[in-house]
Enquirer: 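What follows is a single structure, and I will ask about it in a moment.
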2 protein chains.
Amino acid sequence: MEKDVTIYDIAKLLQLSPATVSRALNDHPAINSNTKVIIASKAKEMGYRSNMFASNLRRQRTSTIGVIVPRLDSAFMSTVLAGMEKVANEANYNLIISQSLESFKKEVANTKTMFDSRVDGLLVSLASDTENLDHFNTFFRKGIPMILFDRVIEQKNCTNIVIDNVKAGYEATAHLIDQGCRRIMHITGSIKRNVYADRLKGYRLALMDHGLEGADELVKITNLTREDGVQAAADIQQMNSPPDGLFVASDFCAVSCMGALMQAGVSIPDDMAVVGFNDDPVAQVIQPSLTTIHYPGQEMGEIAAQSLINHLNGLLRINTTNTILLNYELIVRKSSQRHL
Amino acid sequence: MEKDVTIYDIAKLLQLSPATVSRALNDHPAINSNTKVIIASKAKEMGYRSNMFASNLRRQRTSTIGVIVPRLDSAFMSTVLAGMEKVANEANYNLIISQSLESFKKEVANTKTMFDSRVDGLLVSLASDTENLDHFNTFFRKGIPMILFDRVIEQKNCTNIVIDNVKAGYEATAHLIDQGCRRIMHITGSIKRNVYADRLKGYRLALMDHGLEGADELVKITNLTREDGVQAAADIQQMNSPPDGLFVASDFCAVSCMGALMQAGVSIPDDMAVVGFNDDPVAQVIQPSLTTIHYPGQEMGEIAAQSLINHLNGLLRINTTNTILLNYELIVRKSSQRHL
DNA sequence: TTGTAAGCGTTATCAT
DNA sequence: ATGATAACGCTTACAA
């Protein structure tokens, strides 16, 4: 149990003042580059580590960024967080990560924890039932910046980082039409969430543009769980004129629905062509492999973190930027490819 | 941009000393319960929040726990972290979470970050190629406690929280034998990791106990990726006497292998019975659904966090405890159930 | 280029 | 039951 080394210890040994040591370690321009070298090597030798708490207390900032996400357990989110971590580490920021588990209540609790931890800024992807940003008012009032990514709500003075979900929904649907589908069902999540509302919008636009009729029974709002997928398959079996195409806003749900359909004797893609969303790893292991929309998690995380840090360093005002659109890609696999 | 409220502000308004305010807010027994109420309500009214940095600096501890995991993107890990978060929040600890992405190098870097953040303790699940715990020596030297969970290395003065992977591996294999399998292949990960080494041990024991012969060609060490699953399926096709049972140490890899086999015309479970590990959600959406080993993530997270916090509070010496075994469960689904 | 000293907001020791 | 005060380790005017 060794005692911690402080700048005073270094200073004493080197016959310098603590101030000089502090400045040297922070690469202050006024310090002789020679003494910098001496101090740095001595610090290393003594196993010095800066006391963030003293530093934070003095500087009145924490070099900590809070991250709130709905869930950690998706490949997408994991890559987002890897991107954030990379950028944050390079800029000497720490990350505090918490998951809302899709519960608004837990999101509010997490928000409070972040506030008490005095994070310098916030990166948030909203829970499925969050309807407004009032729980972040304490942050807004204090001028603590926040960036929303993927699951967002439009808000002035708050940058959003997203893909164009309307366009992606359109493209997914258009692809199905292209494959000969004429009656396309859309299974999606809570339309309180931009990602689902927008994909639905895109779906409807695509139908219209191709002169196809929409119908209420062809749009199912669910929680996109495994059970919802199975239920949807059962419902489809009951329909008088079942769909010949299926656009599901999440791969996992798409896969479970697909499985249930196949068990019931539906042939995919011939009787029913299917497109998912997210490019979850499951899309590639399933038979037939799932056509889906891919978008860049790592990049989204990096850009979100970098934008926030730039803002914190005064290099970019995020309230002027407002929306950053990333690219996505329709990945065509076997679940939708018909041999016309 | 309001200014922060301090205990001095509260003290001034209430004509008390900051010391009294501090004690009251910390529920010190010596303080009049009446004044406690007054102070608490005033604090709330003024929007006071304790400055963790001042407090940490003074107390010489951080109320922060570092968590290092190989990856965040599994349902298992997500529930582990949810359990940790729950316990940590209740005990007023913060979590700093980072992922090693299965890289020893990144694990070392994360360890350093945790050290610089002065976490009070560490909860770690090791990367697949980590061979020793030398990178935690800085922690051991300072007497900072660490608990390993799931992916562990035996070490004195360091509690491990695991399931009995030998027994689970045995049970998975015995189940296959029970279903009539006589030639069982085992696909697993780096045997540097206890989880894989132990499951392999259990597999071998089960074969022995049932008078079955093992063979080198029946054990495949891989990275348990999707590609590895596909490759394994291809290899199986090439074998002179292919196996009739398959025990894979990870569901995801099992599913991809199963898919490839089925595409090649192998019937599951009749030609080949399959058992996975982890009870990943994919096990239920796949056709046929996958028999697997389930174990409690939430509980593992809760116990790990609680043990560490108890140790930090002096309620439990973790170096005496050493290994906590949790229960697992073999969940029999369709991929292994033969109609004998 | 380096040094002095005050102060960040708490908590703990010692008084009262 | 409450108060005065020093100390935690660092940064930053201001001085030299």
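Values in this document were obtained by computation on a predicted structure and should not be read as measured data. Note: hydrogens, waters and symmetry copies are ignored here, and every other heavy atom, side chains too, is used. Lettering of chains follows the sequences in order, A, B, ..., and the numbering in each one begins at 1.
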Enquirer: Closest approach to the side chain of B/I7, judged atom by atom: which nucleotide of C/dT11, C/dG3, C/dG9 is it?
Expert: C/dT11

Enquirer: Step by step, work out the side-chain hydrogen bond (donor to acceptor under 3.5 Å, both in side chains) result for B/E85 and B/N89.
Expert: CA-CA 6 Å; B/E85 230 174 39; B/N89 279 342; 5.3 Å; no

Enquirer: Return the value, rounded to whole Å, for the distance between atom CD of A/Q60 and atom C1' of C/dG7.
Expert: 10 Å

Enquirer: Return the value, rounded to whole Å, for the distance between atom CG of A/L57 and atom P of C/dT10.
Expert: 9 Å

Enquirer: Is A/R58 side chain donor-acceptor paired with the C/dG9 base, going by distance under 3.5 Å alone?
Expert: no

Enquirer: Applying side-chain hydrogen bond (donor to acceptor under 3.5 Å, both in side chains) to B/Y295 and B/D150, what does each step give before you reach the verdict?
Expert: CA-CA 10 Å; B/Y295 58 115; B/D150 199 45; 2.9 Å; yes

Enquirer: Relative to the 5' end of DNA chain D, which residue comes earlier, B/P18 or A/P18, by the nucleotide with the nearest heavy atom?
Expert: B/P18

Enquirer: Within this structure, what is the CZ-to-P distance between A/R23 and C/dG3, rounded to whole angstrom?
Expert: 9 Å

Enquirer: Measuring from B/Q15:CD to B/L13:CG, what's the distance to the nearest 0.5 Å?
Expert: 8.5 Å

Enquirer: As an exercise, state the distance from CG of A/D4 to CG of A/N51, rounded to the nearest 0.5 Å.
Expert: 7.5 Å

Enquirer: List in numerical order all residues of residues 25-47 of chain A for which some heavy atom is under 4.0 Å away from an atom belonging to DNA chain D.
Expert: A/N26

Enquirer: Over how many whole Å does the gap from A/R61 atom CZ to C/dG9 atom P extend?
Expert: 16 Å

Enquirer: Using whole Å, report how far OH of B/Y8 lies from P of C/dT10.
Expert: 9 Å

Enquirer: In the structure I gave you, are the side-chain heavy atoms of B/R71 and B/L101 within less than 4.5 Å of one another anywhere?
Expert: yes

Enquirer: Could you tell me the boundaries of the chain B footprint on DNA chain D, defined by atoms under 4.0 Å from its heavy atoms?
Expert: D/dA1 to D/dG9

Enquirer: The helix from C/dT1-D/dA16 to C/dT16-D/dA1: angle between its terminal axes, five pairs each, to 10°?
Expert: 30°

Enquirer: If you round to the nearest 0.5 Å, how far is SG of A/C158 from CD1 of A/I147?
Expert: 8.0 Å

Enquirer: Measure from the side-chain heavy atoms of B/N51 and tell me the nearest of C/dT10, C/dT11, C/dG3.
Expert: C/dT10

Enquirer: Measure from NZ or CZ of A/R49 to the centre of the six-membered ring of B/F115, then state whether that distance is under 6.0 Å and the direction lies within 45° of the axis.
Expert: yes

Enquirer: Between atom OH of B/Y48 and atom OG1 of B/T6, what is the distance when rounded to the nearest 0.5 Å?
Expert: 7.5 Å

Enquirer: Determine whether B/I144 and B/F136 make a side-chain contact, defined as any pair of heavy atoms from C-beta on separated by less than 4.5 Å.
Expert: no

Enquirer: For the CZ atom of B/R151 and the CG atom of B/N160, what is their distance to the nearest 0.5 Å?
Expert: 14.0 Å

